[in-house]
Trainee: 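Sending over a structure as structure tokens; questions will come in a sec.
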Number of protein chains: 2
Amino acid sequence: MLWEDVSVLDPSTQRPAVGIRDVAALARVSPTTVSNVLSGNRRVSAATRERVHWAIDQLGYRPNLSARNLRVRRAGLIAVAVPEIGVPYFAELIGHVVQAARERDYTVLIDQTEGRLEAERFVLSGMNPGMVDGILFSPLGIERVEYENRRDSTPLVLLGERISGGGVDHVAIDNVAAAADATRYLIERGGRRIAAIGHQEREGGGTAPQRTRGYRQALDAAGMSYDPGLVVPTSKYHRRDGALAMAALLDRGTRPDAVFCYSDLVALGAIHTLRERGLRVPEDVAVIGIDDIDEGRYSTPTLTTITPDKVAIARTALELLFDRIADGSREPRQIVVPHSLTVRRSA
Amino acid sequence: MLWEDVSVLDPSTQRPAVGIRDVAALARVSPTTVSNVLSGNRRVSAATRERVHWAIDQLGYRPNLSARNLRVRRAGLIAVAVPEIGVPYFAELIGHVVQAARERDYTVLIDQTEGRLEAERFVLSGMNPGMVDGILFSPLGIERVEYENRRDSTPLVLLGERISGGGVDHVAIDNVAAAADATRYLIERGGRRIAAIGHQEREGGGTAPQRTRGYRQALDAAGMSYDPGLVVPTSKYHRRDGALAMAALLDRGTRPDAVFCYSDLVALGAIHTLRERGLRVPEDVAVIGIDDIDEGRYSTPTLTTITPDKVAIARTALELLFDRIADGSREPRQIVVPHSLTVRRSA
DNA sequence: CTGAAAGCGCTTACAG
DNA sequence: CTGAAAGCGCTTACAG
């Protein structure tokens, strides 16, 4: 089928799709010139520019991004891969990423791994070639070696995961310090039997083991002994996991006077169980979380928590990503974003 | 620069990018055949197929989507445009959309309008041509006429917004009925002074006016009079808006015995204020919301709410969208998704 | 300041 | 069962 034979139709509407050639023809210039008017790459005389703009308006022309991307080898798209968008922490973080990306004329594509290993491997392999220019990745199940054996070269920045190997860009809060801060606060306000909910055994030290380490550090520093019976692992960090873990703790006869939860959602779940059992928060049991999601500002009681600077995480991650896109071979950087303690009512 | 002169380099890594031609050369077949092996569009002899697969593995080849998209005029991408990803209702809905889209080999791109008019107009204009195959759009500020004057032909499905004109595909719950159900439930359990929080004046009847209508209907049906002093408008549906509206109501001396909130977030904010003022929920004031976000299962008290079938909304919307992608000129359909009442503790 | 031509990496009639 | 060639809609050296 030749161009001259049949006009190109948009398959979905049967309306003619207008391309750069149509604009060029109408403006009586070459496609080159139209392209230059659009990109601003080359000086174009005012008269010509005006004619081109007129033709563009006339035809309602809008450049085809697939074609441009194919040509310039840039997709204008970055992917954010997280376990679940429905988890408020990720939803809020993605909101900031989308906003920061827009400022750079990038669009954000969402990938939800649900912690599935194949999904995470797909992310590591750069997703579909040519589809995205870079990836922000919050991993869950994948092992550290897999990062190191990564063959794909798509720029990638890890979110919230501290890979001690250091072969990959990443941005995170200092999880050990954050957990220690939370625990120390519970100690300072009188906690003597402090439970920890959210531990996970992971190779190569993921977020959870780091938080457990911080918890132990704070205990040590206060001269308090570490009681493994007070540490409850959870496989995920949903409200449900917090609620069930708290119930399990209580059911086995353990009565902590304070609980350090590895996420706000876990904390909210734990509070739910405590109140159902008739225990008062914080009077009987103080509860602290990590994440500072909006929900904790309005929950009953309002949630004391560790506040990571989510805006900084989003912006820093994008900065690392764009740096890496610009220079694929520069040294990987690991950036630690500040966190703070936000005291509300629950502890 | 000719192909033969210099091998093509991936700009970010300086590693050679492998294309279909490399695979073809290594497998000693034509690119056509490689393409056919990949797509399954044509029968390929077992021996050839094997050689091609071997070559693909050997080179780690993965097809370039921009090129494919350019050729087949399909992006494999749909956009979801919502006011804010950080709002749990949207986050949960998007999670379902992402999942349903994956089953169809589609990827989801996020657009956050924040209710900005230009952002919403950009969505209506189909975003960037060739970038997405279709759009799921949850509008906020845009006027009805703008849909009708829409020039762009990108398939688009409206989410949660009932455009009475009916010129556009959309899927939503029956907002009038949902509000009436909520209000009737409050009446049945003894409410006599029932406030409504979340009203908005909008042209052409958006979600908010419909809910107000349902509220009034239920009042009428019970023979109760409508008191404008009990209806509080809010500009947004965040926790904060609910909290402030509730405070305003109380501050002006109004003491409802029940509150119908136009979203769960508003309800949670209202509860926050009530408890801060020492009022018991539901004993002093019963509160009901709409959305059934996960948060309401664990809040204190747990939240009674109207549950829209979010999975159905996501799947139906995608179905409409794919139908429209397949046939751009079919009659627009307006689909009503079921909702139900979920009774928990707050009312 | 402007244009003709090549090519980004695919797929798909057309031909055998 | 397989291949040569055209073309998707752009951008960018190259040339003037």
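In the text below, chain A, chain B and the rest are named by the order of the sequence lines, each starting its count at 1.
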Trainee: Please step through side-chain contact (heavy atoms from CB on, under 4.5 Å) for the pair A/Arg324 and A/Val157, ending with a clear verdict.
Mentor: CA-CA 9 Å; A/Arg324 163 83 44 211; A/Val157 174; 5.6 Å; no

Trainee: Would you please name every residue forming a ring-ring contact (aromatic ring centres under 6.0 Å, His included) with B/Tyr61, sequence neighbours left out?
Mentor: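 For B/Tyr61 there are no ring-ring contact (aromatic ring centres under 6.0 Å, His included) partners, ignoring immediate neighbours.
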
Trainee: Counting N and O atoms only, with roles assigned by atom type, does the side chain of A/Arg74 sit under 3.5 Å from a partner on the main chain of A/Arg68, one being a donor and the other an acceptor?
Mentor: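 Between the backbone of A/Arg68 and the side chain of A/Arg74 there is no qualifying donor-acceptor contact (under 3.5 Å).
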
Trainee: Between atom CG in A/Asn41 and atom P in C/dC1, what is the gap in whole Å?
Mentor: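 Spelled out: CG on A/Asn41 to P on C/dC1 is 14 Å.
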
Trainee: According to salt bridge (Lys or Arg N to Asp or Glu O under 4.0 Å), does anything in residues 94-103 of chain B pair up with another residue at least two apart or in another chain? List the pairs.
Mentor: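 For residues 94-103 of chain B, and leaving out neighbouring residues, the salt bridge (Lys or Arg N to Asp or Glu O under 4.0 Å) pairs sorted by first residue read A/Glu114-B/Arg102, B/Glu103-B/Arg315.
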
Trainee: For Watson-Crick and G-U wobble pairs within 3.5 Å on both distances, what is DNA chain C written in dot-bracket notation, | included for inter-strand pairing?
Mentor: |||.||||||||.|||

Trainee: Hey, does the side chain of B/Arg73 come within less than 4.0 Å of C/dT11's phosphate (OP1/OP2), counting only N and O?
Mentor: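 Negative; the distance criterion is not met.
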
Trainee: Just how far, in rounded Å, is C1' of C/dC10 from CE of A/Met131?
Mentor: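 Rounded to the whole Å, the gap is 15 Å.
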
Trainee: Residues in ring-ring contact (aromatic ring centres under 6.0 Å, His included) with B/Phe137, at least two apart?
Mentor: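 Scan of B/Phe137 (ring-ring contact (aromatic ring centres under 6.0 Å, His included), adjacent residues dropped) gives none.
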
Trainee: Quick one: side-chain contact (heavy atoms from CB on, under 4.5 Å) partners of B/Thr32, sequence neighbours excluded?
Mentor: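 With neighbours one apart ignored, the set is B/Ser30, B/Asn36, B/Arg42.
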
Trainee: When you measure from every atom of DNA chain C, which of residues 42-51 of chain B have a heavy atom less than 4.0 Å away?
Mentor: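 Those residues whose heavy atoms fall under 4.0 Å from DNA chain C, taken from residues 42-51 of chain B in numerical order, are B/Arg42.
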
Trainee: Run the side-chain contact (heavy atoms from CB on, under 4.5 Å) test against B/Ala91 and tell me which residues pass, sequence neighbours left out.
Mentor: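 Expected list: A/Ile85, A/Ala91.
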
Trainee: Take atom CZ of B/Arg74 and atom C1' of C/dT12, then tell me their distance rounded to the nearest Å.
Mentor: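 Roughly 17 Å, once rounded to whole Å.
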
Trainee: Please list, by residue number, the residues of residues 53-68 of chain A whose heavy atoms come closer than 4.0 Å to an atom of DNA chain C; answer none if no residue qualifies.
Mentor: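 Those residues: none at all.
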
Trainee: Take atom CZ of A/Arg71 and atom P of D/dT12, then tell me their distance rounded to the nearest Å.
Mentor: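 Checked: the CZ to P distance equals 6 Å.
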
Trainee: Can you list, by residue number, the residues of residues 23-38 of chain A that have a non-hydrogen atom closer than 4.0 angstrom to DNA chain D?
Mentor: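 Contacting residues: A/Thr32, A/Ser35.
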
Trainee: Please enumerate all residues that pass side-chain contact (heavy atoms from CB on, under 4.5 Å) together with B/Thr107, with sequence neighbours excluded.
Mentor: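 B/Thr107: side-chain contact (heavy atoms from CB on, under 4.5 Å) contacts with A/Leu109, A/Met131, B/Leu77.
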
Trainee: For B/Asp57 and B/Trp54, indicate whether the former's side chain and the latter's backbone hold a donor-acceptor pair under 3.5 Å.
Mentor: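 Not at all, since once roles are kept as given, no pair shorter than 3.5 Å links the two residues.
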
Trainee: Please say whether more than 12 non-hydrogen atoms of neighbouring residues, nucleotides or ligands are located less than 6.0 Å from CD in B/Gln58.
Mentor: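 Yes, enclosed.
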
Trainee: Please collect all salt bridge (Lys or Arg N to Asp or Glu O under 4.0 Å) contacts where either partner lies in residues 120-136 of chain B, sequence neighbours excluded, each pair once.
Mentor: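 Found B/Arg121-B/Glu146.
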
Trainee: Out of B/Val23, B/Thr48, B/Val44, which one pairs with B/Val29 under the side-chain contact (heavy atoms from CB on, under 4.5 Å) rule?
Mentor: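 Per the side-chain contact (heavy atoms from CB on, under 4.5 Å) rule, the option paired with B/Val29 is B/Thr48, out of B/Val23, B/Thr48, B/Val44.
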
Trainee: Examine C/dC10: is either OP1 or OP2 under 4.0 Å from a nitrogen or oxygen in the side chain of B/Asn69? Give yes or no.
Mentor: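 No, outside the criterion.
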
Trainee: With sequence neighbours left out, write down each residue that passes side-chain contact (heavy atoms from CB on, under 4.5 Å) with B/Glu319, or none if nothing qualifies.
Mentor: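 For B/Glu319 the side-chain contact (heavy atoms from CB on, under 4.5 Å) partners, ignoring immediate neighbours, are B/Arg104.
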
